[in-house]
Amino acid sequence: MSKPSIPQGTRDFSPAEVRKRQYIFNTLRAIFELYGFQPLETPAMENLTTLTGKYGEEGDRLIFKILNNGLHEKKEEDKNKLNAEWEKVLSKPYSSPVVTERALRYDLTIPFARYVVMNQNDLAFPFRRYQMQPVWRADRPQKGRYREFWQCDCDVVGSTSLINEAELLCIYEEAFVKLGVPFIIQVNSRKILAGMAELCGHPDKLVDMTVAIDKLDKIGRAGVEGELLGKGFDKNAIDRLFVLLGEGGKPIYFSKQEQLDELKFKMNGSEIGTQGVKELEQILEYHKSISKYGGRNIDMPLGDGAMQSGINVSFSLARGLNYYTGMIVEVVALGVQMGSIGGGGRYDDLTGLFGLKNLSGVGVSFGVDRIYDVMDELQVFPDQLAAGAQAMLVNFGGENETYALSILQQLRASNIAAEIYPDAAKFDKQMKYANKRGFAYVLLPGDDERNNKKISVKNFATGEQKLMSIDDCITTLAAG
RNA sequence: GAGGUUGUAGCUCAGCUGGUUAGAGCAUCAGAUUGUGGUUCUGAGGGUCGGGGGUUCGAACCCCCUCAUCCUCCCCA
């Protein structure tokens, strides 16, 4: 017999881990609901054709495909087709509905777009939805990267108002403040990036340019220059680009307004770039008036000190997904080494891919698994999450067992989470079990207690034990 | 897709330049102890040393292949 195992990049979650994860989900859900978003769920699998071509070349490679069932039952004439397609599948990156008709969900945005198109007649636009479900990617697992992970998305479709962008930024703020994760929300606009590409003479190379400058933090100016040269940018264009990006070395909370003013001046000559700057300005204006924090930075505890969390304008932020058209946003946690813990943006024509034109959307995503890892590392989970049932009844067997069961029923009727040790095992074994489970109280219904219609209540943290009536016991446990 | 790390008991890991019967702690089970745990003592069970092949009188250790794992790059949450 081989050792049991689970697929690469997947995890089991212990009871304690599930409770901590649920704490994150519950926190996010409460905020989504507060902002008027409605829940939605879609299937774990989609038709492969729904997903392919939506995430770029790299994305297509990372989609988990599901082998069709019943391939062996095909009729002879179908088998020729199947063999031909199979040859192609084996020889190059290629997938065919004949072999793999379905695939696992890669993100929550595309299934959402599909849902909106399929249900366009019934939805009230603007449609605001949130969705918390697992997604799968055939990536190589490493730190903070899993093959099965959960996303929590919230999106608005059917409205071009920049109020939506501002609200989503508020949701990010509230969520991370509530969870205790110090953060920076980087914002930029695809239109600004398009303006930059235009002004340095390569409007057609927008994607190459954004992929390169997105790495500015990581590989520095020289590294980005190298990459751009490789993509066919000349030195002159690159110099112009870096003028637009602004000089490095600015303080991280360099005034957003100053940054925008400066760029607006430089963007003179690019219509789309100027529009991008103006939009970003308007978003931040709206945000200031809606935000709990008035658009200011937020002091958050971090280790022994504190850290300024908040929104930051970053013209080098790019993001890979190529369906974004307006604002783009990405969240990183402060104080830990971790990739982005959230991201999103506006997409003007997402549903157009499925035949529904002129429907603009904007949304953000929370990477729950990374948020969990960050919170664990920073030790910001509340302590009391681990608790399960509050009390355990020791089982002394015989009439005492019957007596214990009647008490158990009364406890549960009073809404006190309790369990009985199901076997009349040796006392020491029952106590050890109770200790491991971490019950707050252990109840001892033995001969003396039964004869006097009472119960011994042992506080398991202090070891203190008292004989009391059943009613008093319920009162004590209900008080915590 | 490219590069590297590590695979020894249920878990965490020792194991010397290749040497006879592969160890420890924790966990489990039993007993001291059929009404007092977290913190006692005694004992027991548990291993194809990831798998396959090779070198050798002899391999957990050396060589090749393979699988798994974690990490880095690419890309992303």
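Every chain is numbered from 1 and lettered A, B, ... according to where its sequence line falls, protein lines coming before strand lines.
In this structure, the side chain of A:T325 engages the main chain of A:D348 through a donor-acceptor pair within 3.5 Å. Checking side-chain atoms of A:R346 against main-chain N and O of A:E165 turns up no donor-acceptor pair under 3.5 Å.
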The dot-bracket string of RNA chain B, counting Watson-Crick and G-U wobble pairs with both distances under 3.5 Å, using [ ] for crossing pairs and | for pairs to another strand, is ((((.((..((((.....[...)))).(((((.......))))).....(((((..]....))))))).))))....
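For B:U28 and B:C65, the P atoms lie 43 Å apart once the distance is rounded to whole Å. Remark: the separation of the P atoms in B:U17 and B:C67 is 31 Å, to the nearest Å. The same atom, C1', is picked in B:U5 and in B:G50; the two are 16 Å apart, to the nearest Å. B:U42 and B:A27 are spaced 15 Å apart, taking the P atom of each and rounding to whole Å. Going from the C1' atom of B:C49 to that of B:A30 covers 29 Å, rounded to whole Å. On the C1' atoms, B:G51 is 16 Å away from B:A59, given to the nearest whole Å. Using atom P as the reference point in both B:G52 and B:U48, the two lie 11 Å apart (nearest Å). On the C1' atoms, B:U8 is 22 Å away from B:G4, given to the nearest whole Å.
In this structure, A:Q142 reaches the bases: a heavy-atom distance under 4.0 Å links it to at least one base atom across the strands shown. Among the heavy atoms of the strands lying under 4.0 Å from A:G144 is at least one base atom, whether or not backbone atoms are also near.
Contact of A:R140 with B:C75 (side chain to base): no donor-acceptor pair of N or O atoms is detected under 3.5 Å.
Under the 6.0 Å cut-off for aromatic ring centres, A:Y106 and A:Y55 qualify, their centroids lying closer than that.
The number of heavy-atom neighbours closer than 6.0 Å to CE of A:M45, taken from other residues, nucleotides and ligands shown, is 12 or below. More than 12 non-hydrogen atoms from other residues, nucleotides or ligands lie less than 6.0 angstrom from CD of A:Q142. Under a cut-off of 6.0 angstrom, the local environment of CD in A:Q465 is crowded, with over 12 non-hydrogen atoms contributed by other residues, nucleotides or ligands.
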Candidate pair A:E167 and A:R128, rule salt bridge (Lys or Arg N to Asp or Glu O under 4.0 Å), full reasoning: CA-CA 12 Å; A:E167 285 200 305; A:R128 301 155 76 80; 3.0 Å; yes
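A salt bridge is absent between A:D373 and A:R370; no separation between the charged side-chain nitrogens and carboxylate oxygens falls under 4.0 Å. A:E46 and A:R114 are joined by a salt bridge, as a carboxylate oxygen and a charged side-chain nitrogen come within less than 4.0 angstrom of each other. In summary, A:E58 and A:R61 engage in a salt bridge, as defined by a charged side-chain N under 4.0 Å from a carboxylate O.
With rounding to whole Å, A:D12 atom CG is found 15 Å from B:G10 atom C1'. At whole-Å resolution of the value, CZ in A:R61 and P in B:C74 are 14 Å apart. Here the C1' atom of nucleotide B:A68 and the CD1 atom of A:I6 are 13 Å apart, to the nearest Å. The NZ-C1' distance, from A:K143 to B:C76, rounds to 16 Å in whole Å. If you take CG of A:D208 and P of B:C74, they are 16 Å apart, rounded to a whole angstrom. Computed from coordinates, the A:Q337 CD to B:A77 P distance equals 18 Å when rounded to whole Å. B:C76 atom P lies 14 Å from atom CD1 of A:I63, rounded to whole Å. For the pair A:I185 CD1 and B:A77 C1', the interatomic distance rounds to 15 Å; values are reported in whole Å.
Across the interface with RNA chain B, nearest-nucleotide mapping of A:K215 and A:G9 shows A:G9 to be the residue nearer the 5′ end.
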Which parts of nucleotides 32-37 of chain B does protein reach within less than 4.0 Å, heavy atoms only, written one letter per nucleotide 5' to 3' as B for base, S for sugar-phosphate only and - for none? ---BBB
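Between A:Y372 and A:F381, the ring planes lie tilted relative to each other; the angle falls in the 30° to 60° range.
Taking 4.0 angstrom as the limit, A:Q8 places none of its side-chain polar atoms (N or O) nearer than this to OP1 or OP2 of B:A68.
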